[in-house]
Amino acid sequence: MTKNQDPNDSSPLKPSRPVSVVIFGASGDLTQRKLLPALYALRCEGFLPDHFRLIGNARRDYTDEAFRDLMREGVEQHGRHAPSEEDSWTDFASNMYYVGGTLEEAETFDKIKQKLEELEANDVEESIRLYYLAIPPSAFPIALNNISEQGLSVPESDRFRVIVEKPFGVDQETARVLNTQVHSAFSEDQVFRIDHYLGKETVQNILVFRLANGIFEPLWNRRYVDHVQITVGESIGVGRRGGYFDQAGIVRDIVQNHMLQLLCLVGMEVPIRFRAEHVRNEKVKVLMSLSPLSEVDIKTSVVRGQYAEGVVDDERVTAYRYEEDVNPETTTETFAAFRAYIDNWRWAGVPFYLRAGKRMKTRTTEITIVFKHPPLALFKATHERIPAPNQLIIQIQPEEGIKLRVGSKRPGTKFSIDPVQMAFTYEQSFENAPPGAYERLLLDAINGDSTLFAREDEVDYAWRFVQPILDAWQTTDLCPVHPYWAGSWGPDAADRIIERDGRAWRNEMPGEEPTLT
Ligand SMILES: NC(=O)c1ccc[n+]([C@@H]2O[C@H](COP(=O)([O-])OP(=O)(O)OC[C@H]3O[C@@H](n4cnc5c(N)ncnc54)[C@H](OP(=O)(O)O)[C@@H]3O)[C@@H](O)[C@H]2O)c1
């Protein structure tokens, strides 16, 4: 198995062994929108071996043909590669099969096993078998139990892998129980807990940017960094996911996984090698170093909000409480903001401000590293204001790129300083569009490279950090739910947690240039 491929190795990651993928939940939204388009893109770009086959399972009744048609629709609507290249689609589709049946019945797994054995009968080498749990989290335990009971997995074998979708538990306790269930069928190195943020090019580029350029890493510490901001803003509301979201809230949906992963990549120490074990060790250390939030911290430095009605993208939208399948009395948060500290040598005393929200002014995911001012304001006499500090802005969506804000002399007779920007976007700098996150992650899982997946202890420490917030919100009246207008940057209370430290959120629309004064 090609484990933990060296990133400097640009050779294609096409597996040399046959590959069998089984998707549980093959009639669902995730399969249609993400998994099939990603697998087909991998096929078109030559990353799948000649001996590749896919088995889909769900409760609905399909023939192989009907299933192939359904998958084709998904690829047509959501894929980077339209299935118009008849040859590759025909070949790809002819290796797709459907085995119907419920996850509760052992017979379903027996049928899948038989189908796998039939398809693999002529393989000259043992195939890799990848199981994808694209099913509701409530069905994870029974699926894992039946995979194990019916002999579809052999722990420790380098042949088997499982991808488990998020959410990984709803709190620390349930995540631990789920980890035990997963381990009843698979050993840890066979488990790939997916967080699709880690499949995004810009997210991976955080590490490359820090560690492959001599100029940034020396500045990446408390001596030069004033503070860090991470914003995950969505302009959409909960749409048709109201039932799920109202049980979850933004801390479980975004903060515990995506945001803490971003925090880890920004905050981690340099791994001794770019291998899964070392990268994940360093990420875990960041989570272990997060200063635990006391009840007082939660009351004073954590804000929860919920969107009221408002205007987003020129459209009037309803308040969260009136969304479909949401309890009109709900206190579930659609916004959260907080200040965190990484208590280690590198980051001691540097605040990390994080906020995530739905129905925000714009869709943006970005990390801003705000550097300290120079030690002496030399141009103070001619410049009426303190110039803006240098900022490094890592934009993850909508456009993927990196910007560096610096001060520059404004042309003229005085030493006036204006912010200017050096920027790169993937779109402008590289010819090819970056691969979708699921493409990268599926290929890594097939190849057994777990660098971009969350390890058991990573998930546990992430829950450990957010659990006191969730508990406090359940038990105290002193953490009010702050309403905010849909289409705004969140409640005023979120501004206060950063403003009282003499700082401000970077409330800029993506693509906005610095204003020259
Ligand atoms: N959709 C996304 O963008 C997204 C993003 C992140 C994470 N996820 C996670 O991915 C998983 C799937 O999400 P989804 O949106 O695709 O859900 P979905 O559209 O509701 O699909 C669920 C799938 O599971 C099958 N299923 C449910 N119960 C089953 C049972 N007892 N036996 C056999 N099959 C069963 C369904 O089959 P039938 O309909 O035929 O019964 C369907 O194919 C969830 O864990 C979700 O949290 C999804």
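Whatever order the structure lists ligands and atoms in, that order sets their numbers, starting from 1. No hydrogens, no waters, no symmetry mates; every other heavy atom, side chains included, goes into these values. On a predicted model such as this, the values are computed, not experimentally measured, just so you know.
Looking from atom 32 (N) of ligand 1 to the surrounding protein, the closest heavy atom is L103 N, 3.0 Å. The closest protein non-hydrogen atom to atom 3 (O) of ligand 1 is R33 NH2, 2.7 Å. Of the protein's non-hydrogen atoms, the one nearest atom 16 (O) of ligand 1 is L30 N, 2.8 Å. At the top of the distance list for atom 17 (O) of ligand 1, counting protein heavy atoms only, stands D29 N, 4.5 Å. Here the heavy atom of the protein found nearest to atom 12 (C) of ligand 1 is A134 O, 3.3 Å.
In this structure, E333 does not pair ionically with R252, as no charged nitrogen and carboxylate oxygen lie closer than 4.0 Å. Between D253 and R241, at least one side-chain N (NZ, or NE/NH1/NH2) sits under 4.0 Å from a carboxylate O, which counts as a salt bridge. Classification of E45 and R80 as a salt-bridged pair holds, one side-chain N sitting under 4.0 Å from a carboxylate O.
Not a single donor-acceptor pair under 3.5 Å links the side chain of T202 to the backbone N or O of E400. Although no hydrogens or angles enter the test, the distance criterion places a donor-acceptor pair under 3.5 Å between the side chain of R304 and the main chain of C479. In this structure, E366 contributes its side chain and I396 its backbone to no donor-acceptor pair below 3.5 Å. Side chain of S488 to main chain of Y484: no donor-acceptor pair is present (N/O by atom type, distance under 3.5 Å, no hydrogens or angles).
Those atoms of ligand 1 that come under 4.0 Å of a heavy atom in A26, given as number and element, are 43 (O). Residue contact check: P137 has heavy atoms under 4.0 Å from atoms 45 (O) of ligand 1. Counting the atoms of ligand 1 from 1 in the order shown, those under 4.0 Å from a heavy atom of G28 are 16 (O), 19 (O), 21 (O), 42 (C), 43 (O). With ligand atoms numbered from 1 in the order given, ligand 1 contributes 33 (C) to contacts under 4.0 Å with heavy atoms of G101.
Figure legend: R72 and F67 shown without cation-pi pairing, the cationic atom not lying both under 6.0 angstrom from the six-membered ring centre and within 45 degrees of its axis.
Ligand 1 has no N or O atom lying under 3.5 Å from any N or O atom of F140, backbone or side chain.
Around atom 23 (C) of ligand 1, the closest heavy atom drawn from S27, P167, G25 belongs to G25. When K166, E165, E104 are ranked by how near their heavy atoms come to atom 47 (O) of ligand 1, first place goes to K166. Closest heavy-atom approach to atom 26 (N) of ligand 1 among the candidates R241, R59, R60: R59. In this structure, of I163, I135, D195, the residue bringing a heavy atom nearest to atom 44 (C) of ligand 1 is I135.
A heavy-atom separation below 4.0 Å is not found between G100 and ligand 1. In this structure, A139 has no heavy atom closer than 4.0 Å to ligand 1.
For K34, no heavy-atom contact with ligand 1 is shorter than 4.0 Å.
When distances from atom 38 (P) of ligand 1 to the protein are checked, a heavy atom turns up under 4.0 Å.
The number of heavy-atom neighbours closer than 6.0 Å to CH2 of W505, taken from other residues, nucleotides and ligands shown, is above 12.
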Take Y307 and E323 through the test side-chain hydrogen bond (donor to acceptor under 3.5 Å, both in side chains) and record every step on the way to the result.
CA-CA 11 Å; Y307 63 81; E323 296 275 19; 2.6 Å; yes
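We find the CG-OG distance between L119 and S20 to be 7.0 Å, quoted to the nearest 0.5 Å.
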